[in-house]
Amino acid sequence: MLQTHYQNTSTTTSAHLAQTMTLLSLTSVELRQKIDAELANNPALELIEERRCPMCKRILPQSGSCPVCSQPNTENSDAPIVFISPREDFYTSGSSISKEIPEDPFSSEPVDLPTFVLRQIAPELEADERLIAAYILTNLTEDGFLTIKPIEIARYHHRLPSDIEALIHRLQRCEPFGVCASSPNEALLTQVEILSETTRVPELTKSVIEEGLEYLSHHQFAELAHLLGVSTQQIQLVAKFISENLNPFPARSHWGDVRNPIEASSQVYHQPDVLIYHLNDHPENQLVVEIILPLRGTLRINPLFKQAVKKIENDKAVDWKQDLEKASLLVKCIQQRNNTMRLLLEKLVNLQKPFILKGEKYMKSITRAKIAHELEVHESTISRAVSGKSVQLPNKRIVPMSLFFDRSLSVRSIVKEIIEAEMHPLSDTEIQNLLKEQGITVARRTVAKYRSKEGILPAHLRHARELATT
DNA sequence: CTATGGCACGGATT
DNA sequence: AATCCGTGCCATAG
(Lines give C-alpha, C1' and ligand atoms only; values in the text may rest on other atoms or scores of the structure.)
Protein backbone atom coordinates (compact mmCIF):
# COMPACT_ATOMS: atom_id res chain seq x y z
CA MET A 1 0.00 0.00 0.00
CA LEU A 2 1.10 3.53 -0.59
CA GLN A 3 1.99 4.44 2.91
CA THR A 4 4.72 1.86 3.33
CA HIS A 5 7.66 3.24 5.22
CA TYR A 6 11.21 2.68 4.20
CA GLN A 7 13.43 3.80 6.96
CA ASN A 8 16.04 1.23 6.38
CA THR A 9 17.82 1.80 3.13
CA SER A 10 20.59 -0.63 3.94
CA THR A 11 18.38 -3.57 3.09
CA THR A 12 17.69 -2.20 -0.34
CA THR A 13 19.75 -2.91 -3.39
CA SER A 14 22.05 -0.39 -4.89
CA ALA A 15 19.84 -0.24 -7.94
CA HIS A 16 16.99 0.67 -5.71
CA LEU A 17 19.00 3.39 -4.10
CA ALA A 18 20.18 4.79 -7.35
CA GLN A 19 16.72 4.91 -8.80
CA THR A 20 15.19 6.41 -5.71
CA MET A 21 17.68 9.20 -5.91
CA THR A 22 16.95 9.92 -9.53
CA LEU A 23 13.22 9.81 -8.97
CA LEU A 24 13.47 12.12 -6.02
CA SER A 25 15.11 14.81 -8.03
CA LEU A 26 12.48 14.69 -10.75
CA THR A 27 9.70 17.21 -10.80
CA SER A 28 6.16 16.01 -11.14
CA VAL A 29 6.17 16.69 -14.84
CA GLU A 30 9.38 14.78 -15.37
CA LEU A 31 8.14 11.97 -13.22
CA ARG A 32 5.10 11.80 -15.35
CA GLN A 33 7.20 11.36 -18.47
CA LYS A 34 9.29 8.73 -16.81
CA ILE A 35 6.24 6.76 -15.75
CA ASP A 36 4.71 7.09 -19.18
CA ALA A 37 7.82 5.63 -20.70
CA GLU A 38 7.93 2.72 -18.30
CA LEU A 39 4.27 2.06 -18.70
CA ALA A 40 4.68 1.87 -22.43
CA ASN A 41 7.43 -0.69 -22.56
CA ASN A 42 6.93 -2.74 -19.46
CA PRO A 43 3.95 -5.08 -19.54
CA ALA A 44 4.28 -5.87 -15.87
CA LEU A 45 3.19 -2.39 -14.91
CA GLU A 46 -0.35 -1.24 -14.93
CA LEU A 47 -2.21 1.88 -14.08
CA ILE A 48 -5.45 1.01 -12.42
CA GLU A 49 -8.70 2.84 -12.54
CA GLU A 50 -9.17 6.00 -10.68
CA ARG A 51 -11.48 6.18 -7.74
CA ARG A 52 -12.88 9.50 -6.85
CA CYS A 53 -13.95 10.83 -3.57
CA PRO A 54 -17.71 11.28 -3.74
CA MET A 55 -17.44 14.46 -1.74
CA CYS A 56 -14.62 16.47 -3.15
CA LYS A 57 -14.01 14.67 -6.45
CA ARG A 58 -10.36 14.13 -5.75
CA ILE A 59 -8.77 11.07 -7.22
CA LEU A 60 -8.09 8.59 -4.49
CA PRO A 61 -5.30 6.12 -4.06
CA GLN A 62 -6.12 2.51 -4.73
CA SER A 63 -7.22 1.91 -1.21
CA GLY A 64 -8.00 4.09 1.73
CA SER A 65 -10.34 6.97 2.05
CA CYS A 66 -10.11 10.54 0.96
CA PRO A 67 -7.32 12.27 2.87
CA VAL A 68 -9.19 15.52 3.02
CA CYS A 69 -12.81 14.61 3.55
CA SER A 70 -12.06 11.83 5.97
CA GLN A 71 -10.34 14.28 8.28
CA PRO A 72 -12.25 14.80 11.47
CA ASN A 73 -12.65 18.48 10.76
CA THR A 74 -11.50 19.43 14.18
CA GLU A 75 -10.29 22.69 15.55
CA ASN A 76 -6.80 21.31 15.25
CA SER A 77 -5.79 23.71 12.54
CA ASP A 78 -2.20 23.63 13.65
CA ALA A 79 -1.43 20.44 11.86
CA PRO A 80 -1.78 20.76 8.13
CA ILE A 81 -3.14 17.85 6.19
CA VAL A 82 -0.33 16.49 4.08
CA PHE A 83 -0.95 13.89 1.48
CA ILE A 84 0.07 12.54 -1.88
CA SER A 85 -2.51 13.10 -4.53
CA PRO A 86 -2.76 11.64 -7.99
CA ARG A 87 -3.87 14.51 -10.19
CA GLU A 88 -5.44 14.00 -13.52
CA ASP A 89 -4.51 17.53 -14.52
CA PHE A 90 -1.18 16.09 -15.34
CA TYR A 91 -2.66 13.50 -17.56
CA THR A 92 -1.99 15.47 -20.68
CA SER A 93 -0.54 13.11 -23.19
CA GLY A 94 1.48 14.28 -26.14
CA SER A 95 -0.35 16.80 -28.19
CA SER A 96 -3.52 17.25 -26.25
CA ILE A 97 -3.15 20.54 -24.54
CA SER A 98 -6.60 21.12 -23.33
CA LYS A 99 -6.15 23.67 -20.61
CA GLU A 100 -5.90 27.41 -20.67
CA ILE A 101 -6.31 27.71 -24.37
CA PRO A 102 -7.42 31.01 -25.77
CA GLU A 103 -10.80 30.93 -27.35
CA ASP A 104 -10.99 30.14 -31.01
CA PRO A 105 -11.74 33.38 -32.79
CA PHE A 106 -14.04 31.71 -35.29
CA SER A 107 -16.14 29.19 -33.53
CA SER A 108 -15.71 30.37 -29.94
CA GLU A 109 -15.64 26.76 -28.90
CA PRO A 110 -12.70 25.81 -26.77
CA VAL A 111 -10.23 23.82 -28.85
CA ASP A 112 -6.81 22.45 -28.16
CA LEU A 113 -3.71 24.38 -28.98
CA PRO A 114 -2.68 22.61 -32.20
CA THR A 115 -6.13 23.07 -33.63
CA PHE A 116 -6.28 26.65 -32.50
CA VAL A 117 -3.07 27.56 -34.24
CA LEU A 118 -3.73 25.51 -37.31
CA ARG A 119 -7.05 27.22 -37.93
CA GLN A 120 -5.38 30.56 -38.00
CA ILE A 121 -2.80 29.66 -40.52
CA ALA A 122 -4.45 26.94 -42.57
CA PRO A 123 -6.04 29.26 -45.14
CA GLU A 124 -2.71 30.57 -46.30
CA LEU A 125 -1.01 27.20 -46.56
CA GLU A 126 -0.68 24.71 -49.36
CA ALA A 127 -2.11 21.30 -48.65
CA ASP A 128 1.25 19.69 -48.11
CA GLU A 129 2.40 22.51 -45.88
CA ARG A 130 -0.69 22.06 -43.83
CA LEU A 131 0.26 18.49 -43.21
CA ILE A 132 3.67 19.49 -41.95
CA ALA A 133 2.23 22.28 -39.88
CA ALA A 134 -0.10 19.82 -38.25
CA TYR A 135 2.79 17.51 -37.60
CA ILE A 136 4.76 20.28 -35.97
CA LEU A 137 1.86 21.42 -33.87
CA THR A 138 1.12 18.02 -32.50
CA ASN A 139 4.66 17.79 -31.26
CA LEU A 140 4.54 20.80 -29.03
CA THR A 141 5.14 20.58 -25.33
CA GLU A 142 2.58 21.65 -22.80
CA ASP A 143 3.97 25.13 -22.89
CA GLY A 144 3.84 25.41 -26.62
CA PHE A 145 7.48 24.79 -27.29
CA LEU A 146 8.84 22.81 -30.17
CA THR A 147 11.49 20.41 -29.03
CA ILE A 148 12.15 18.61 -32.28
CA LYS A 149 14.81 20.04 -34.51
CA PRO A 150 13.77 21.47 -37.84
CA ILE A 151 16.25 19.20 -39.58
CA GLU A 152 14.50 16.15 -38.28
CA ILE A 153 11.16 17.39 -39.43
CA ALA A 154 12.70 18.15 -42.79
CA ARG A 155 14.03 14.64 -43.11
CA TYR A 156 10.80 13.11 -42.04
CA HIS A 157 8.82 15.03 -44.62
CA HIS A 158 11.50 15.09 -47.29
CA ARG A 159 11.67 18.83 -47.42
CA LEU A 160 14.41 21.38 -47.24
CA PRO A 161 15.32 22.42 -43.71
CA SER A 162 15.03 26.02 -44.79
CA ASP A 163 11.43 25.42 -45.85
CA ILE A 164 10.64 23.97 -42.48
CA GLU A 165 12.26 26.84 -40.70
CA ALA A 166 10.28 29.28 -42.72
CA LEU A 167 7.13 27.43 -41.85
CA ILE A 168 7.98 27.40 -38.18
CA HIS A 169 8.64 31.08 -38.39
CA ARG A 170 5.18 31.65 -39.77
CA LEU A 171 3.65 29.48 -37.08
CA GLN A 172 5.39 31.51 -34.44
CA ARG A 173 3.58 34.56 -35.60
CA CYS A 174 0.24 32.98 -34.87
CA GLU A 175 -1.50 33.47 -31.60
CA PRO A 176 -0.47 32.84 -28.96
CA PHE A 177 2.52 34.77 -30.21
CA GLY A 178 5.74 32.86 -30.00
CA VAL A 179 4.21 29.42 -30.01
CA CYS A 180 6.47 26.81 -31.62
CA ALA A 181 9.57 28.52 -30.37
CA SER A 182 12.30 26.23 -29.20
CA SER A 183 12.86 28.06 -25.95
CA PRO A 184 11.40 30.79 -23.77
CA ASN A 185 14.13 32.93 -25.16
CA GLU A 186 13.06 32.49 -28.72
CA ALA A 187 9.44 32.94 -27.81
CA LEU A 188 10.21 36.28 -26.26
CA LEU A 189 12.22 37.42 -29.24
CA THR A 190 9.41 36.55 -31.59
CA GLN A 191 6.99 38.48 -29.47
CA VAL A 192 9.27 41.47 -29.53
CA GLU A 193 9.41 41.28 -33.30
CA ILE A 194 5.66 41.18 -33.64
CA LEU A 195 5.08 43.90 -31.11
CA SER A 196 7.63 46.22 -32.59
CA GLU A 197 5.52 46.43 -35.72
CA THR A 198 2.72 48.08 -33.87
CA THR A 199 4.14 49.41 -30.64
CA ARG A 200 7.25 51.10 -29.52
CA VAL A 201 9.63 48.70 -27.88
CA PRO A 202 12.58 49.82 -25.77
CA GLU A 203 15.68 49.43 -27.92
CA LEU A 204 17.55 47.29 -25.50
CA THR A 205 14.83 44.71 -25.14
CA LYS A 206 16.32 42.29 -27.61
CA SER A 207 19.79 42.29 -26.19
CA VAL A 208 18.41 41.92 -22.71
CA ILE A 209 16.49 38.85 -23.72
CA GLU A 210 19.40 37.42 -25.63
CA GLU A 211 22.00 37.86 -22.99
CA GLY A 212 20.47 38.65 -19.72
CA LEU A 213 17.43 36.54 -18.98
CA GLU A 214 19.33 34.89 -16.20
CA TYR A 215 19.99 38.19 -14.54
CA LEU A 216 16.44 39.33 -14.98
CA SER A 217 15.15 36.34 -13.20
CA HIS A 218 17.35 37.09 -10.25
CA HIS A 219 16.46 40.75 -10.30
CA GLN A 220 20.07 41.59 -10.80
CA PHE A 221 19.34 44.64 -12.85
CA ALA A 222 22.48 46.39 -11.84
CA GLU A 223 24.71 43.53 -12.88
CA LEU A 224 22.91 43.24 -16.17
CA ALA A 225 23.21 46.93 -16.77
CA HIS A 226 26.89 46.68 -16.33
CA LEU A 227 27.18 43.71 -18.62
CA LEU A 228 25.47 45.58 -21.42
CA GLY A 229 27.16 48.82 -20.56
CA VAL A 230 23.99 50.79 -19.92
CA SER A 231 22.35 52.33 -16.92
CA THR A 232 20.32 50.39 -14.43
CA GLN A 233 17.37 52.62 -15.13
CA GLN A 234 17.27 51.54 -18.72
CA ILE A 235 17.30 47.94 -17.66
CA GLN A 236 14.43 48.50 -15.32
CA LEU A 237 12.50 50.07 -18.10
CA VAL A 238 13.09 47.03 -20.25
CA ALA A 239 12.26 44.69 -17.41
CA LYS A 240 9.00 46.46 -16.89
CA PHE A 241 8.19 46.27 -20.55
CA ILE A 242 8.95 42.58 -20.70
CA SER A 243 6.93 41.78 -17.68
CA GLU A 244 3.94 43.68 -18.93
CA ASN A 245 3.89 42.68 -22.55
CA LEU A 246 5.68 39.43 -23.07
CA ASN A 247 5.11 35.88 -22.03
CA PRO A 248 7.95 33.38 -22.19
CA PHE A 249 5.50 30.47 -22.14
CA PRO A 250 3.13 31.23 -24.96
CA ALA A 251 0.72 28.40 -24.33
CA ARG A 252 0.24 29.32 -20.77
CA SER A 253 -2.09 32.18 -20.24
CA HIS A 254 -2.29 32.52 -16.52
CA TRP A 255 0.97 32.42 -14.84
CA GLY A 256 1.49 32.49 -11.14
CA ASP A 257 1.00 35.91 -9.74
CA VAL A 258 -0.18 38.15 -12.50
CA ARG A 259 1.13 41.20 -10.80
CA ASN A 260 4.61 39.88 -10.71
CA PRO A 261 5.14 38.30 -14.10
CA ILE A 262 8.88 38.77 -14.20
CA GLU A 263 9.45 36.61 -11.25
CA ALA A 264 6.93 34.08 -12.37
CA SER A 265 8.02 34.02 -15.95
CA SER A 266 11.61 33.48 -15.07
CA GLN A 267 10.71 30.24 -13.48
CA VAL A 268 11.32 27.11 -15.35
CA TYR A 269 8.68 25.51 -13.25
CA HIS A 270 5.50 25.13 -15.20
CA GLN A 271 3.47 22.95 -12.98
CA PRO A 272 3.82 23.10 -9.27
CA ASP A 273 4.91 19.90 -7.59
CA VAL A 274 3.16 20.75 -4.38
CA LEU A 275 0.00 22.67 -3.67
CA ILE A 276 -0.59 24.44 -0.42
CA TYR A 277 -3.99 25.94 0.17
CA HIS A 278 -6.65 26.46 2.77
CA LEU A 279 -9.35 23.88 2.86
CA ASN A 280 -12.03 25.04 0.44
CA ASP A 281 -9.96 28.18 0.01
CA HIS A 282 -11.36 29.72 3.14
CA PRO A 283 -8.51 31.50 4.88
CA GLU A 284 -9.96 30.42 8.20
CA ASN A 285 -9.64 26.75 7.45
CA GLN A 286 -6.89 24.34 8.04
CA LEU A 287 -4.01 24.15 5.61
CA VAL A 288 -3.93 21.40 3.05
CA VAL A 289 -0.70 20.31 1.49
CA GLU A 290 -1.07 18.30 -1.62
CA ILE A 291 1.95 16.60 -3.10
CA ILE A 292 1.24 15.94 -6.70
CA LEU A 293 1.66 12.55 -8.21
CA PRO A 294 1.12 13.05 -11.89
CA LEU A 295 -1.15 10.09 -12.47
CA ARG A 296 -4.78 9.52 -13.10
CA GLY A 297 -4.91 6.44 -10.92
CA THR A 298 -2.65 4.16 -9.04
CA LEU A 299 0.42 2.48 -10.38
CA ARG A 300 0.93 -1.14 -9.51
CA ILE A 301 2.17 -4.46 -10.76
CA ASN A 302 -0.26 -6.28 -12.93
CA PRO A 303 -1.26 -9.33 -10.85
CA LEU A 304 -2.23 -11.30 -13.90
CA PHE A 305 1.16 -10.75 -15.38
CA LYS A 306 2.74 -11.89 -12.18
CA GLN A 307 0.80 -15.12 -12.21
CA ALA A 308 1.54 -15.70 -15.83
CA VAL A 309 5.25 -15.40 -15.25
CA LYS A 310 5.10 -17.97 -12.50
CA LYS A 311 3.32 -20.52 -14.58
CA ILE A 312 4.70 -20.17 -18.01
CA GLU A 313 8.13 -21.58 -18.59
CA ASN A 314 9.53 -20.73 -21.94
CA ASP A 315 12.34 -18.71 -23.32
CA LYS A 316 10.44 -15.51 -22.69
CA ALA A 317 10.18 -16.18 -19.00
CA VAL A 318 13.56 -14.64 -18.35
CA ASP A 319 12.66 -11.41 -20.03
CA TRP A 320 9.38 -11.28 -18.23
CA LYS A 321 10.97 -11.87 -14.90
CA GLN A 322 13.17 -8.93 -15.61
CA ASP A 323 10.21 -6.79 -16.48
CA LEU A 324 8.59 -7.82 -13.27
CA GLU A 325 11.66 -6.91 -11.28
CA LYS A 326 11.93 -3.57 -12.94
CA ALA A 327 8.29 -2.84 -12.41
CA SER A 328 8.30 -3.64 -8.74
CA LEU A 329 11.45 -1.66 -8.31
CA LEU A 330 9.84 1.33 -9.92
CA VAL A 331 6.74 1.08 -7.80
CA LYS A 332 8.77 0.81 -4.64
CA CYS A 333 10.94 3.71 -5.60
CA ILE A 334 7.99 5.89 -6.34
CA GLN A 335 6.54 5.02 -2.98
CA GLN A 336 9.76 5.93 -1.35
CA ARG A 337 9.94 9.16 -3.23
CA ASN A 338 6.46 10.00 -2.09
CA ASN A 339 7.27 9.11 1.43
CA THR A 340 10.30 11.34 1.50
CA MET A 341 8.42 14.18 -0.07
CA ARG A 342 5.65 13.84 2.45
CA LEU A 343 7.98 13.88 5.41
CA LEU A 344 9.85 16.81 3.99
CA LEU A 345 6.75 18.84 3.30
CA GLU A 346 5.28 18.12 6.70
CA LYS A 347 8.38 19.52 8.33
CA LEU A 348 8.72 22.38 5.96
CA VAL A 349 5.15 23.56 6.20
CA ASN A 350 5.15 23.36 9.94
CA LEU A 351 8.33 25.34 10.22
CA GLN A 352 7.44 27.94 7.67
CA LYS A 353 3.77 28.31 8.41
CA PRO A 354 4.13 31.97 9.35
CA PHE A 355 5.66 32.57 5.96
CA ILE A 356 2.93 30.71 4.14
CA LEU A 357 0.20 32.53 6.00
CA LYS A 358 1.63 35.97 6.51
CA GLY A 359 4.18 36.47 3.79
CA GLU A 360 7.84 36.71 3.04
CA LYS A 361 8.64 38.79 6.05
CA TYR A 362 8.11 35.79 8.29
CA MET A 363 10.39 33.43 6.49
CA LYS A 364 12.60 31.62 8.92
CA SER A 365 16.05 30.77 7.81
CA ILE A 366 16.47 27.07 7.90
CA THR A 367 19.00 24.96 6.10
CA ARG A 368 18.62 21.75 4.22
CA ALA A 369 21.15 20.22 6.53
CA LYS A 370 19.01 20.92 9.56
CA ILE A 371 15.96 19.32 8.01
CA ALA A 372 18.03 16.39 6.89
CA HIS A 373 19.20 15.88 10.41
CA GLU A 374 15.73 16.03 11.85
CA LEU A 375 14.36 13.60 9.34
CA GLU A 376 17.39 11.40 9.69
CA VAL A 377 18.16 11.32 6.03
CA HIS A 378 21.22 12.38 4.14
CA GLU A 379 21.61 16.02 3.22
CA SER A 380 21.79 15.22 -0.43
CA THR A 381 18.42 13.58 -0.17
CA ILE A 382 16.88 16.85 0.87
CA SER A 383 18.80 18.70 -1.79
CA ARG A 384 17.47 16.42 -4.46
CA ALA A 385 13.96 16.61 -3.12
CA VAL A 386 14.03 20.38 -3.12
CA SER A 387 15.95 21.29 -6.23
CA GLY A 388 13.92 22.13 -9.25
CA LYS A 389 10.62 21.68 -7.45
CA SER A 390 8.03 24.35 -7.13
CA VAL A 391 5.22 25.01 -4.73
CA GLN A 392 1.98 26.82 -5.13
CA LEU A 393 1.15 28.90 -2.09
CA PRO A 394 -2.33 29.71 -0.82
CA ASN A 395 -2.13 33.07 -2.58
CA LYS A 396 -1.70 31.17 -5.85
CA ARG A 397 1.84 32.23 -6.39
CA ILE A 398 4.15 29.55 -7.65
CA VAL A 399 7.54 29.73 -6.03
CA PRO A 400 10.57 27.46 -6.15
CA MET A 401 10.76 25.19 -3.17
CA SER A 402 14.28 26.42 -2.55
CA LEU A 403 12.71 29.68 -1.44
CA PHE A 404 11.86 27.94 1.81
CA PHE A 405 15.55 27.84 2.48
CA ASP A 406 16.36 31.41 1.57
CA ARG A 407 18.29 32.85 4.45
CA SER A 408 17.88 36.47 3.57
CA LEU A 409 14.34 36.60 2.29
CA SER A 410 12.77 38.03 5.39
CA VAL A 411 15.33 40.79 5.73
CA ARG A 412 15.02 41.56 2.05
CA SER A 413 11.30 41.96 2.37
CA ILE A 414 11.75 44.28 5.31
CA VAL A 415 14.11 46.35 3.24
CA LYS A 416 11.47 46.46 0.58
CA GLU A 417 8.92 47.58 3.12
CA ILE A 418 11.14 50.32 4.42
CA ILE A 419 11.77 51.65 0.96
CA GLU A 420 8.14 51.50 -0.01
CA ALA A 421 7.21 53.46 3.05
CA GLU A 422 9.95 56.03 2.76
CA MET A 423 8.98 59.61 2.23
CA HIS A 424 12.36 60.55 1.03
CA PRO A 425 14.95 58.30 -0.67
CA LEU A 426 16.94 56.58 2.04
CA SER A 427 20.57 55.78 1.54
CA ASP A 428 21.84 52.31 2.23
CA THR A 429 23.44 53.44 5.44
CA GLU A 430 20.17 54.91 6.66
CA ILE A 431 18.41 51.67 5.84
CA GLN A 432 21.09 49.80 7.66
CA ASN A 433 20.38 51.87 10.77
CA LEU A 434 16.65 51.39 10.49
CA LEU A 435 17.22 47.67 10.34
CA LYS A 436 19.37 47.83 13.39
CA GLU A 437 16.49 49.44 15.24
CA GLN A 438 14.48 46.35 14.40
CA GLY A 439 17.23 44.22 15.80
CA ILE A 440 18.70 43.20 12.49
CA THR A 441 22.37 43.87 12.13
CA VAL A 442 23.78 43.70 8.65
CA ALA A 443 26.60 45.41 6.86
CA ARG A 444 25.89 48.40 4.73
CA ARG A 445 27.24 46.52 1.77
CA THR A 446 24.71 43.81 2.36
CA VAL A 447 21.83 46.23 2.28
CA ALA A 448 23.01 47.25 -1.14
CA LYS A 449 23.07 43.65 -2.29
CA TYR A 450 19.56 43.05 -1.03
CA ARG A 451 18.34 46.11 -2.82
CA SER A 452 19.78 45.00 -6.09
CA LYS A 453 18.35 41.53 -5.63
CA GLU A 454 14.95 43.06 -5.19
CA GLY A 455 15.49 45.25 -8.21
CA ILE A 456 15.35 48.50 -6.29
CA LEU A 457 17.31 51.45 -7.56
CA PRO A 458 19.92 53.23 -5.43
CA ALA A 459 18.72 56.18 -3.40
CA HIS A 460 19.89 58.93 -5.71
CA LEU A 461 17.92 57.45 -8.58
CA ARG A 462 14.74 56.98 -6.63
CA HIS A 463 12.40 59.89 -6.47
CA ALA A 464 10.03 60.74 -3.72
CA ARG A 465 6.66 59.14 -4.40
CA GLU A 466 6.00 57.94 -7.76
CA LEU A 467 4.56 57.94 -11.23
CA ALA A 468 3.70 54.40 -12.16
CA THR A 469 3.34 52.49 -8.93
CA THR A 470 -0.34 52.68 -8.22
C1' DC B 1 33.01 64.08 0.90
C1' DT B 2 29.21 60.65 0.55
C1' DA B 3 26.91 56.91 -1.63
C1' DT B 4 27.34 52.90 -4.23
C1' DG B 5 29.15 49.21 -7.06
C1' DG B 6 33.16 45.83 -8.04
C1' DC B 7 36.19 42.47 -6.57
C1' DA B 8 37.74 39.18 -3.70
C1' DC B 9 38.03 36.55 0.54
C1' DG B 10 36.35 33.26 4.03
C1' DG B 11 32.98 30.71 5.89
C1' DA B 12 28.75 28.29 5.39
C1' DT B 13 25.82 25.45 2.50
C1' DT B 14 24.79 22.09 -0.92
C1' DA C 1 34.44 19.82 -4.40
C1' DA C 2 31.64 23.43 -5.95
C1' DT C 3 28.72 27.16 -5.04
C1' DC C 4 26.53 30.78 -2.54
C1' DC C 5 26.44 34.60 0.69
C1' DG C 6 27.82 38.34 3.67
C1' DT C 7 31.41 41.48 4.18
C1' DG C 8 35.42 44.60 3.92
C1' DC C 9 38.24 47.44 1.12
C1' DC C 10 38.87 50.37 -2.67
C1' DA C 11 37.67 52.92 -6.89
C1' DT C 12 34.53 55.90 -8.95
C1' DA C 13 30.58 58.99 -9.70
C1' DG C 14 27.97 62.69 -8.23
Side-chain angles (χ1 to χ4, degrees), chain A residues 17 20-22 24-27 211-212 214-236 239 266-269 273 340-341 343-345 347-348 351-352 360 363-391 399-416 418-419 422-436 438-464:
Chain A
L17 252 171
T20 312
M21 299 209 312
T22 15
L24 194 59
S25 55
L26 296 184
T27 67
E211 314 190 22
E214 274 299 295
Y215 293 92
L216 269 196
S217 62
H218 299 294
H219 287 293
Q220 296 167 336
F221 298 131
E223 286 85 342
L224 182 53
H226 179 254
L227 185 77
L228 297 177
V230 299
S231 81
T232 313
Q233 277 171 308
Q234 280 173 285
I235 296 296
Q236 298 217 316
S266 65
Q267 311 220 349
V268 200
Y269 316 108
D273 303 281
T340 316
M341 291 294 283
L343 290 174
L344 171 64
L345 263 295
K347 261 277 175 324
L348 219 48
L351 282 171
Q352 299 288 23
E360 297 185 341
M363 173 68 73
K364 291 203 184 67
S365 73
I366 50 180
T367 68
R368 294 161 172 78
K370 208 157 102 197
I371 298 278
H373 182 73
E374 286 183 34
L375 293 181
E376 296 176 311
V377 295
H378 197 273
E379 298 174 12
S380 69
T381 310
I382 303 293
S383 279
R384 286 170 186 282
V386 168
S387 71
K389 305 287 183 352
S390 54
V391 179
V399 300
M401 199 186 284
S402 56
L403 199 77
F404 284 74
F405 297 91
D406 190 324
R407 255 182 293 172
S408 58
L409 188 68
S410 78
V411 184
R412 287 211 308 274
S413 81
I414 295 177
V415 170
K416 225 184 338 184
I418 292 178
I419 293 179
E422 82 192 357
M423 293 312 297
H424 151 80
L426 298 169
S427 78
D428 289 347
T429 321
E430 288 172 300
I431 296 174
Q432 181 194 1
N433 289 331
L434 285 174
L435 285 175
K436 201 169 238 162
Q438 299 195 30
I440 303 164
T441 314
V442 280
R444 181 232 105 222
R445 192 63 191 74
T446 309
V447 176
K449 288 264 161 140
Y450 287 169
R451 251 198 317 102
S452 101
K453 225 176 189 175
E454 295 292 337
I456 300 170
L457 290 170
H460 62 278
L461 293 177
R462 295 199 302 270
H463 305 296

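Sequence lines set the chain letters: A, B, ... in the order given, protein chains first and strands last, and positions in each chain run from 1.
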A.B. asks: Mind checking whether A:Ile366 and A:Arg407 have side chains closer than 4.5 Å, heavy atoms only?
C.D. replies: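 The answer is no; the side chains never approach within 4.5 Å.
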A.B. asks: How do A:Asp406 and A:Arg445 order along DNA chain C: which one's closest nucleotide is nearer the 5' end?
C.D. replies: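 Nearest nucleotide further toward 5': that of A:Asp406.
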A.B. asks: How long is the line joining CG of A:Leu344 and P of B:dT14, in whole Å?
C.D. replies: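 Distance check: A:Leu344 CG to B:dT14 P gives 13 Å.
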A.B. asks: Report yes if some heavy atom in the side chain of A:Phe405 is under 4.5 Å from a heavy atom in the side chain of A:Leu348; otherwise report no.
C.D. replies: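 With C-beta onward as the side chain, the pair touches.
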A.B. asks: Indicate yes or no for a side-chain donor-acceptor contact from A:Ser427 to the backbone of A:Glu430 under 3.5 Å, with no hydrogens or angles considered.
C.D. replies: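 Yes; judged by distance alone, with no hydrogens or angles, the pair exists.
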A.B. asks: A:Asp428 CG to C:dC9 P: how many Å, rounded?
C.D. replies: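 That distance rounds to 17 Å.
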A.B. asks: Would the base of B:dG11 count as contacting A:Arg407 through its side chain, where contact means a donor and an acceptor less than 3.5 Å apart?
C.D. replies: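 In this structure, the two groups form no donor-acceptor pair.
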A.B. asks: Of the nucleotides C:dT7, B:dT4, C:dC5, which has the atom closest to the A:Lys453 side chain?
C.D. replies: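 Looking only at side-chain atoms, A:Lys453 lies closest to C:dC5.
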A.B. asks: In whole angstroms, how far is the P atom of B:dT13 from the CD1 atom of A:Ile366?
C.D. replies: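 Checked: the CD1 to P distance equals 12 Å.
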A.B. asks: Taking NZ in A:Lys436 as the centre, count heavy atoms belonging to other residues, nucleotides or ligands within less than 6.0 Å. Is the count above 12?
C.D. replies: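 Not buried by this count: 12 neighbours or fewer within 6.0 Å.
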A.B. asks: How close or far is atom P of B:dT13 from atom CD of A:Glu379, stated in whole angstroms?
C.D. replies: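 Spelled out: CD on A:Glu379 to P on B:dT13 is 10 Å.
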A.B. asks: Atom CZ of A:Arg451 and atom P of C:dC5: how far apart are they, to the nearest Å?
C.D. replies: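 Value for this atom pair: 18 Å.
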A.B. asks: When you measure from the side chain of A:Pro458, which nucleotide among C:dT7, C:dG6, B:dG5 comes out closest?
C.D. replies: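 The nucleotide sitting nearest to the side chain is B:dG5.
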A.B. asks: Roughly how many Å is it from NZ in A:Lys449 to P in B:dA8, rounded to a whole number?
C.D. replies: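 These atoms are roughly 12 Å apart.
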A.B. asks: Roughly how many Å is it from CD1 in A:Ile456 to C1' in B:dG5, rounded to a whole number?
C.D. replies: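 After rounding, the gap between these two atoms is 16 Å.
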A.B. asks: Name the closest nucleotide to the A:Ser427 side chain, picking from C:dT7, C:dG6, B:dA3.
C.D. replies: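 Nearest listed nucleotide: B:dA3.
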A.B. asks: Salt bridge check, A:Glu360 against A:Arg412: does any charged N sit closer than 4.0 Å to a carboxylate O?
C.D. replies: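 Result for this pair is no, no salt bridge flagged.
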A.B. asks: Indicate whether OP1 or OP2 belonging to B:dT13 is found under 4.0 Å from a side-chain N or O atom of A:Thr367.
C.D. replies: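 It does not, given that no N or O in the side chain of A:Thr367 lies less than 4.0 Å from OP1 or OP2 of B:dT13.
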A.B. asks: How close or far is atom C1' of B:dT4 from atom CD1 of A:Ile419, stated in whole angstroms?
C.D. replies: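 Distance check: A:Ile419 CD1 to B:dT4 C1' gives 13 Å.
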A.B. asks: Check whether any side-chain nitrogen or oxygen of A:Ser380 sits under 4.0 Å from OP1 or OP2 of B:dT14, and answer yes or no.
C.D. replies: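 No.
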A.B. asks: Can you check whether A:Arg368 has a side-chain N or O nearer than 4.0 Å to OP1 or OP2 of B:dT14?
C.D. replies: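 A:Arg368 to B:dT14 OP1/OP2: side-chain N or O found under 4.0 Å.
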A.B. asks: So, is A:Tyr450 close to the C:dC5 phosphate, meaning a side-chain N or O under 4.0 Å from OP1 or OP2?
C.D. replies: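 For A:Tyr450, the contact criterion (side-chain N or O under 4.0 Å from OP1 or OP2 of C:dC5) is not met.
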